[in-house]
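Below is one structure, written out as structure tokens; comments come after it.
Just the heavy atoms: all of them, side chains too, but no hydrogens, waters or symmetry mates, feed the values below. Every chain is numbered from 1 and lettered A, B, ... according to where its sequence line falls, protein lines coming before strand lines.
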Amino acid sequence: MPLPGAFFLQPTLTVARRLLGKILEHRAADGVAAGCIVEVEAYRGPGDQAAHTRDGHRSARNETMFGPGGHAYVYFIYGMHHCINVVTRPRDVPEAVLIRALEPIRGLDLMRARRGPRPMTDWQLCRGPGSLCRALGIDRRDDGRPLTRGTLRILDAPPVPSRLVRRTTRVGVAYAGADAARPWRLLVAGCRAVSGRRVP
DNA sequence: CCAATGATCTTC
DNA sequence: AAGATCATTGGA
């Protein structure tokens, strides 16, 4: 079952924590692919200097973050990658959770085809925010789509036990001053699909 | 370490 | 209108 809309209206760090273990599924024209969420980062609105909505900045790119929770905020970065966020909180509270890694569950052959000819183990297919969007066939056309229904959904699954959850600082936000030090990256310990900087 | 590659944002 | 930046990735 897809998660209900109310799930996404909770405080953003709560949503981030509870998203670990849930399933991100994309039913595209060329097939279905899905994975279990194992790494996320919370971005907390106007006051968070690492967020696209810092200081209330509102533009065509981040407009989706100002809408109600439960929708996908997908943006294009570095001229070649897409990243998908889960928008949280009610309308006009511009917060979101970036999905950084998935453990592949379904459609591994399709993921492999989308990722290209480079040899890759299963757990590398959705490692990193750009990589997982490519493996699931997610791009800017998916920006603003609901995650509670339709062909891009987050499905309920058992929560990850607290003893397996680690918190660290967020990746790639060194420019954000004091907010760069906030432990708003959550990940599942011992999971090989987790991106970049590892954790004991 | 650094190049890729283009939309977005800042500044003129 | 031009220049810098970027919630990244993969290869030297």
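- Remark on DNA chain C: of its neighbouring residues A/R134 and A/Y175, the 5'-side contact belongs to A/Y175, judged by nearest-heavy-atom nucleotide.
- Remark: the separation of the P atoms in C/dA2 and B/dT5 is 22 Å, to the nearest Å.
- In the set C/dT9, C/dT8, B/dC9, C/dT9 carries the atom at the smallest distance from any side-chain atom of A/R115.
- Rounded to whole Å, atom P of C/dT8 lies 15 Å from atom CD1 of A/I84.
- Judged purely by distance below 3.5 Å, without hydrogens or angles, the side chains of A/N62 and A/T53 never pair a donor atom with an acceptor atom.
- Considering only side-chain atoms of A/S131, the nucleotide from C/dT9, C/dT8, C/dC6 that sits closest is C/dT9.
- Taking the P atom of each, C/dT5 and B/dC2 are spaced 16 Å apart, rounded to whole Å.
- A/D179 and A/R182 are joined by a salt bridge, as a carboxylate oxygen and a charged side-chain nitrogen come within less than 4.0 angstrom of each other.
- You'll find that the side chain of A/Y75 is closest to C/dA7, out of C/dA7, B/dC9, C/dG10.
- Look at CZ on A/R182: it is 18 Å from P on C/dA7, rounded to the nearest Å.
- A straight line from CG of A/N62 to P of B/dA7 spans 17 Å, rounded to a whole angstrom.
- For A/I77, the listed nucleotide lying nearest its side chain is C/dT8; candidates were B/dA7, C/dT9, C/dT8.
- When only modelled atom types and interatomic distance are considered, A/R115 and A/Q124 share no side-chain donor-acceptor pair under 3.5 Å.
- Of the candidates C/dT9, C/dG10, C/dA7, C/dT9 carries the atom nearest the A/P129 side chain, counting heavy atoms from C-beta on.
- For A/R100, the listed nucleotide lying nearest its side chain is C/dT8; candidates were B/dG6, B/dT8, C/dT8.
- As judged by a 4.0 angstrom heavy-atom cut-off over every strand, A/H52 is placed among the base-contacting residues.
- Of all nucleotides listed (B/dC9, C/dT8, B/dG6), B/dG6 comes nearest to the side chain of A/F76.
- A/D179 places its CG atom 14 Å from the P atom of C/dA7, with the value rounded to the nearest Å.
- A cation-pi arrangement, defined by a distance under 6.0 Å to the six-membered ring centre and an angle within 45 degrees of its axis, is absent between A/R18 and A/F7.
- Rounded to whole Å, the distance from CZ on A/R127 to C1' on C/dG10 is 12 Å.
- Whole-Å rounding puts the A/Y73 OH to C/dA7 C1' distance at 9 Å.
- Checking the phosphate oxygens (OP1, OP2) of B/dT8, no side-chain nitrogen or oxygen of A/S59 falls inside 4.0 Å.
- A salt bridge between A/R54 and A/D48 is absent, with no side-chain N of the basic residue lying under 4.0 Å from a carboxylate O of the acidic one.
- Nearest-nucleotide assignment on DNA chain B puts the 5′-proximal partner with A/H81, out of A/R140 and A/H81.
- Atom pair A/Q124:CD and C/dG11:P shows a separation of 11 Å (rounding to whole Å applied).
- Between A/E63 atom CD and B/dA7 atom P there is a gap of 20 Å when expressed in whole angstrom units.
- Aromatic ring pairs are classed by plane angle as parallel below 30°, tilted from 30° to 60° and perpendicular above 60°; the pair A/Y75 and A/H52 is perpendicular.
- You can call A/Y43 stacked on the base of C/dA7; the centres are under 5.5 Å apart and the planes sit within 30°.
- Base pairing analysis places C/dC6 opposite B/dG6; the two distances defining the Watson-Crick or G-U wobble pair are each below 3.5 Å.
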